[in-house]
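What follows is one structure encoded as structure tokens, with my remarks underneath.
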Amino acid sequence: MQYVKINHVRPGMRLARPIYNRNGVMLYERDTRLTPQGIASIKNFDLWGLYILEPAEPVPPFSQEDAELERFLTVSTFRLKDDLTLLLNNMTPRNLLPMAQEILRKFGNVDHRINFAVTLRSSGDYVYKHSLNTAILASVMVNRLHYPYPEQLAIVCAALLHDAGMLLVPNEILEKGDDLLSPDERRLIRGYMEKGYQMLHPDYNDYKFPELTLQIVGQMTRLTHSVSSPMPKNIRWKNGTHVLHTASIFDEMTSMHLDHEPISELAAVRFLRKHTDHYPAPFVTALTQSIHILPDGRCIEFSNGQKGIVIEENEKNYAQPVVILFSTNQRVDFSEAKYQKTMHISDVMKTMDARLKVDRQTIKQYASDTRTRETAVRYSEKRKKLVAAGRM
């Protein structure tokens, strides 16, 4: 499965994930082969791109739980959009608290890992889908951390609200991408985030949010929108801000953006583990215990250049699954010390297509190299003849 930007989608490609409308009705099933008419229709959704199956790739497993999650996210995106629009217009939201309660009912009590939902996003719905994914991740994390229910509810409410100020930022700034923002534009974004936070207070609207929700959103507002933004020193571990910070950045790193490709869940967790000052270990552990990092069927690359497929997920340590090597069909159990010393998992395979991709530049380079080689061969043959004739 690959993420293909919408301008690169071509007829004949097969969808890897279903597409729903705002009412939860499936418009395009998985494995649907796209037609010119279908592509034109999908472009009307303003999606940045689609998840596409590779030419010989079979349709991956997709449980009923996965399907319900996709449908729930699509329907909830529009509900959250309606509520945040009301809130930013100084009107009372209708669905925020019921939505947070529903998220906790669906995901806050699960006793197993869930498949993290990598959603299709557009410039118009990125904030809503990011907030929903953050809320779902936060709900499974607070369950693992055994927070009391009132605290769980406040944290999930904060997840739904923490990026409201981003809706005030002009599109021309949002669409530039983080790497191209000037210092003035970053300050402008911080100002809009603060304004969005102020709109949550009772003197701005008739809806009273839990005090802990306001506290967490206020602390999140002070953080810069960057994966390496440090946590202010005066933030306590158990007030929920660390939960929200970890969940939000994980979703940011593994989702598609206008200016960069998403990274794998494995690479994102390694980043979080490396920056413990920003993302303390207990919260990253709660995350890895709640979602699949290297599930069965995931294709992976190794430090020695080999490739393989996970055949048995390790429930205790996601980094030590049982895999089958493609080259030798050998079974490797990474929980055994002998394998840990000789090789390790580098990352998830980005593609299973081993064919060489040839573009115009590659063809030009190949032609140039070929002419150079042919010239060298002709010169060598001519030199041999001259030597044989005694002229050199």
Side-chain angles (χ1 to χ4, degrees), residues 1-78 80-81 114-130 132-133 136 251-268 291-300 309-310 347-355 357:
M1 182 173 69
Q2 288 184 303
Y3 178 72
V4 179
K5 291 183 178 180
I6 196 67
N7 291 334
H8 297 160
V9 173
R10 297 290 181 265
M13 290 182 172
R14 297 177 299 143
L15 286 177
R17 303 187 77 88
I19 299 177
Y20 297 89
N21 68 8
R22 66 175 298 154
N23 297 317
V25 176
M26 186 184 294
L27 301 178
Y28 297 93
E29 294 185 82
R30 294 188 314 147
D31 204 28
T32 296
R33 196 171 292 276
L34 294 173
T35 63
Q37 295 81 7
I39 294 173
S41 174
I42 290 172
K43 283 184 176 180
N44 291 330
F45 301 155
D46 292 326
L47 295 174
W48 291 340
L50 301 173
Y51 283 99
I52 297 294
L53 294 171
E54 297 186 67
E57 183 181 2
V59 182
F62 196 69
S63 66
Q64 184 62 33
E65 183 181 68
D66 296 334
E68 287 300 322
L69 175 57
E70 290 268 3
R71 187 178 291 107
F72 172 78
L73 283 169
T74 303
V75 174
S76 297
T77 295
F78 291 98
L80 182 60
K81 181 179 181 180
I114 66 171
N115 287 319
F116 177 61
V118 183
T119 50
L120 297 170
R121 304 179 186 187
S122 70
S123 56
D125 63 17
Y126 183 89
V127 170
Y128 312 113
K129 289 184 175 178
H130 168 63
L132 278 167
N133 262 18
I136 290 172
D251 180 70
E252 286 272 0
M253 298 179 76
T254 55
S255 65
M256 67 294 298
H257 292 254
L258 284 173
D259 56 335
H260 65 263
E261 296 285 332
I263 65 174
S264 69
E265 291 89 345
L266 178 64
I291 64 173
H292 294 292
I293 305 298
L294 290 176
D296 296 354
R298 186 63 52 89
C299 294
I300 50 183
I309 185 171
V310 176
D347 201 355
V348 172
M349 286 179 61
K350 293 180 173 60
T351 177
M352 294 182 68
D353 192 343
R355 295 174 298 176
K357 293 185 178 180

Pro295 side chain reached by Val310 side chain, heavy atoms, under 4.5 Å | no
Neighbour count >12 (heavy atoms, 6.0 Å) for atom CD, Glu68 | yes
Looking at Ser264 and Ala267, what are the two nearest heavy atoms and their distance?
-> OG-N, 3.1 Å
May I ask you to decide if Pro18's main-chain N or O and Arg30's side chain share a donor-acceptor pair within less than 3.5 Å?
-> no
To the nearest 0.5 Å, how far apart are OH in Tyr51 and CD1 in Ile19?
-> 12.5 Å
Can you name the closest pair of heavy atoms from Tyr28 and Ser41 and give their distance?
-> OH-OG, 3.2 Å
Which residues pass the ring pair (Phe, Tyr, Trp, His ring centres under 6.0 Å) test with Tyr20, sequence neighbours left out?
-> none
Drop me the distance from Leu294's CG to Asp347's CG, to the nearest 0.5 angstrom.
-> 9.0 Å
Given side-chain contact (heavy atoms from CB on, under 4.5 Å), test Asn133 with Phe116 step by step and report yes or no.
-> CA-CA 8 Å; Asn133 262 18; Phe116 177 61; 3.7 Å; yes
Separation between OG (Ser76) and CZ (Arg71), nearest 0.5 Å, reads 12.0 Å
Would you say Cys299 and Ile309 make side-chain contact, with heavy atoms under 4.5 Å?
-> yes
Reported OG-to-CD1 distance for the pair Ser255 and Ile263, which is rounded to 0.5 angstrom | 10.0 Å
Which is it for Ile52 and Leu15 under the side-chain contact (heavy atoms from CB on, under 4.5 Å) test, yes or no, and what are the steps along the way?
-> CA-CA 5 Å; Ile52 297 294; Leu15 286 177; 4.3 Å; yes
When rounded to the nearest 0.5 Å, the distance separating OG1 of Thr32 from CE of Met13 is 14.5 Å
Looking only at heavy atoms, what is the nearest atom pair of Thr254 and Pro262, with distance?
-> O-CB, 3.3 Å
For Glu54 and Arg14 the tightest heavy-atom approach is O-NH2, 2.7 Å
Determine, stepwise, if the pair Glu265 / Arg298 fulfils salt bridge (charged side-chain N to carboxylate O under 4.0 Å, His left out).
-> CA-CA 11 Å; Glu265 291 89 345; Arg298 186 63 52 89; 3.7 Å; yes
Can you find a pair of side-chain heavy atoms, one from Val9 and one from Ile42, that are under 4.5 Å apart?
-> no
Which of Thr77, Val127, Asp251 passes side-chain contact (heavy atoms from CB on, under 4.5 Å) with Leu132? It is Thr77
Could you walk me through whether Ile300 and Leu266 pass the side-chain contact (heavy atoms from CB on, under 4.5 Å) test, one step at a time?
-> CA-CA 10 Å; Ile300 50 183; Leu266 178 64; 5.7 Å; no
